[in-house]
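Everything below concerns the one structure shown next.
Letters go in sequence order (proteins before strands), and every chain restarts at 1.
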Number of protein chains: 2
Amino acid sequence: MPVKETRSFREVCRENGIAVTHQRQVLYEVMKSMDGHPSPEEVYARVKKKVPAISLATVYKNIHLFIESGVFQKVSMHHGSVRVEMNGEPHHHMVCSKCRKITDIGEKELGLVAKRSRLPGGFLVERYAVDAIGVCASCQKSSC
Amino acid sequence: MPVKETRSFREVCRENGIAVTHQRQVLYEVMKSMDGHPSPEEVYARVKKKVPAISLATVYKNIHLFIESGVFQKVSMHHGSVRVEMNGEPHHHMVCSKCRKITDIGEKELGLVAKRSRLPGGFLVERYAVDAIGVCASCQKSSC
DNA sequence: AGCATAAACGATAAAAGTTATCGTTTGAGA
DNA sequence: TCTCAAACGATAACTTTTATCGTTTATGCT
Ligand SMILES: [Mn+2]
Ligand SMILES: [Mn+2]
Ligand SMILES: [Zn+2]
Ligand SMILES: [Zn+2]
């Protein structure tokens, strides 16, 4: 069973043209075993137990690599510096995955339906925030 | 017309029990005039043209104050450090506004949105990311 | 298996974003 | 006008992320 896991990781690397290093492999397996939505520091703390000499920079570099390769994803497009919303009207956002531009869009234009105020686990909903993630018109034209 | 604006800002301050300082007032008016979703640094650059001696710390402190008072909002709950998603199944998130915990929820349990792949302005949608923002069961019990 | 080379690694400095500290200034109520 | 808590500016400190660079390692080719 570790054999199968190893083979599948090797295939992932082969597909994406990246080398199979010891650090990379342990990182991949540790991350796969983690629940929730850890930060790079949390991943670093975990993987350090198995590879004590690993560098935080290596963790960051490989998390980026995994995300670029589609092996894992980012929880949100909105990490980094805080952004302020001055538009008091309830609305949602279109987020361009190329240029990261955030554009307002009303609920009606979005075609949004069905709003539950209670969700499984007893979660009480105050509001919904929807991101339509894709490519803006300007980035579709320019082939960058 | 500047008189009316001033009065409304004074009322906002009165309602929230905060002092009407010169910096605060200019900051409020500059921010209200800004489109999009600026970062604190962008706000700072703008307000500095009108109050050159203002400190970046003052900008940060007042942005927080405005957000806490509900005058303005944050674009997203997900600023700060990047979080990695290892759950490959398509899903959305419940985000607790008290403890900030992020919990997975499937599309079916959520009640979901309509799926338009084209949005106004020629935006091409790749996927939707929905945050149900509210209070988790644990934070409902504890009255903190 | 041995070799060459590009990629990856670890250590750490630097950059970016944010918060804390502290002495000085100012707004609000008496 | 006077008093004092609140707010301000300057800047140090902290957090998160990226860049740099010398060393090590994986890979493809004999
Ligand atoms: Mn908006
Ligand atoms: Mn998730
Ligand atoms: Zn774009
Ligand atoms: Zn909570």
Side-chain angles (χ1 to χ4, degrees), chain A residues 6-7 9-28 30 37-69 71-72 74-84 100, chain B residues 6-7 9-28 30 37-69 71-72 74-84 100:
Chain A
T6 299
R7 164 112 35 85
F9 178 67
R10 298 193 88 89
E11 282 165 11
V12 167
C13 289
R14 182 64 60 99
E15 284 162 20
N16 292 284
I18 57 181
V20 181
T21 66
H22 179 230
Q23 290 90 338
R24 196 118 79 198
Q25 191 161 340
V26 174
L27 199 40
Y28 171 79
V30 165
H37 308 92
S39 65
E41 285 282 354
E42 287 166 338
V43 173
Y44 177 57
R46 282 270 200 127
V47 80
K48 238 189 160 189
K49 290 173 187 168
K50 302 206 171 183
V51 185
I54 200 168
S55 164
L56 179 59
T58 299
V59 173
Y60 269 97
K61 282 181 276 196
N62 280 298
I63 286 178
H64 288 151
L65 190 69
F66 288 151
I67 291 172
E68 284 158 26
S69 306
V71 176
F72 298 130
K74 281 182 295 188
V75 169
S76 165
M77 305 292 288
H78 301 286
H79 64 98
S81 70
V82 66
R83 297 308 179 99
V84 194
R100 301 204 143 251
Chain B
T6 299
R7 165 113 35 86
F9 179 67
R10 298 194 89 88
E11 282 165 11
V12 167
C13 288
R14 183 62 61 98
E15 286 162 18
N16 292 287
I18 58 180
V20 181
T21 66
H22 179 230
Q23 291 89 338
R24 197 116 80 197
Q25 191 161 338
V26 173
L27 199 39
Y28 173 79
V30 165
H37 309 92
S39 66
E41 285 283 353
E42 287 167 338
V43 173
Y44 178 56
R46 281 269 200 126
V47 79
K48 238 189 159 189
K49 290 174 187 168
K50 302 206 171 183
V51 186
I54 200 169
S55 164
L56 178 60
T58 298
V59 172
Y60 268 98
K61 282 182 275 196
N62 280 297
I63 286 177
H64 287 151
L65 190 69
F66 288 150
I67 290 172
E68 283 160 25
S69 306
V71 177
F72 297 130
K74 281 181 294 188
V75 170
S76 165
M77 306 290 290
H78 301 286
H79 64 98
S81 68
V82 67
R83 298 307 179 99
V84 194
R100 301 203 144 253

**Q.** Distance in angstrom units between B:Ile67 CD1 and C:dT19 P, rounded
**A.** 10 Å

Q) Nearest nucleotide by nearest heavy atom, which residue falls closer to the 5' end of DNA chain D, B:Ala57 or A:Val20? A) B:Ala57

Q) With sugar-phosphate meaning primed atoms plus P, OP1 and OP2, does B:Ala19 contact a base, only sugar-phosphate, or nothing at under 4.0 Å between heavy atoms? A) sugar-phosphate

Q.
Between the opening five pairs and the closing five pairs of the helix from C:dA1-D:dT30 to C:dA30-D:dT1, how far apart are the helix axes, to 10°?
A. 40°

Q: Look at the aromatic rings of A:Phe72 and A:Phe66 and report parallel, tilted or perpendicular, splitting at 30° and 60°.
A: perpendicular

Q: Look at the side-chain N and O atoms of A:Gln23 and state whether any lies under 4.0 Å from the OP1 or OP2 oxygen of D:dT25.
A: no

Q: Answer yes or no: does a side-chain N or O of A:His64 lie under 4.0 Å from OP1 or OP2 of D:dT18?
A: yes

Q.
Taking only side-chain N and O atoms of B:Thr21, does any of them lie within less than 4.0 angstrom of OP1 or OP2 on D:dC8?
A. yes

Q) Is the phosphate of D:dT17, meaning OP1 or OP2, less than 4.0 Å from a side-chain N or O of A:Tyr60? A) yes

Q: Among D:dT17, C:dT12, C:dT19, find the nucleotide with the atom closest to the side chain of B:Val82.
A: D:dT17

Q) B:Arg24 side chain N/O closer than 4.0 Å to the phosphate oxygens (OP1, OP2) of D:dA6? A) no

Q) Between B:Arg14 and C:dA28, does any side-chain N or O lie under 4.0 Å from OP1 or OP2? A) no

**Q.** Atom-pair distance (NZ on A:Lys61; P on C:dA11), nearest Å
**A.** 11 Å

Q: Check every strand shown and say whether A:His79 touches a base, only sugar-phosphate, or nothing at a heavy-atom separation below 4.0 Å.
A: nothing

Q. Side chain of B:Arg10, backbone of B:Val20: donor and acceptor closer than 3.5 Å?
A. no

Q. Of all heavy-atom pairs between B:Leu27 and B:Thr58, which one has the smallest distance, and what is that distance?
A. CD2-O, 4.2 Å

Q.
Within the structure provided, determine whether B:Gln25 and B:Tyr28 are in side-chain contact (heavy-atom separation under 4.5 Å).
A. no

Q) Closer than 4.0 Å, any side-chain N/O of B:His22 to the OP1 or OP2 of D:dC8? A) no

Q) Within less than 4.0 Å of OP1 or OP2 of C:dG10, is there a side-chain N or O belonging to A:Thr58? A) yes

**Q.** B:Gly80 vs B:Ile18, nearer the 5' end of DNA chain D by closest nucleotide
**A.** B:Ile18

Q.
Let me spell it out: for each of A:Val51 and B:Ser39, pick the nucleotide of DNA chain C with the closest heavy atom. Which residue's pick is nearer the 5' end?
A. A:Val51

**Q.** Criterion side-chain contact (heavy atoms from CB on, under 4.5 Å) on B:Lys50 and B:His22, from CA distance to verdict
**A.** CA-CA 11 Å; B:Lys50 302 206 171 183; B:His22 179 230; over 6 Å; no

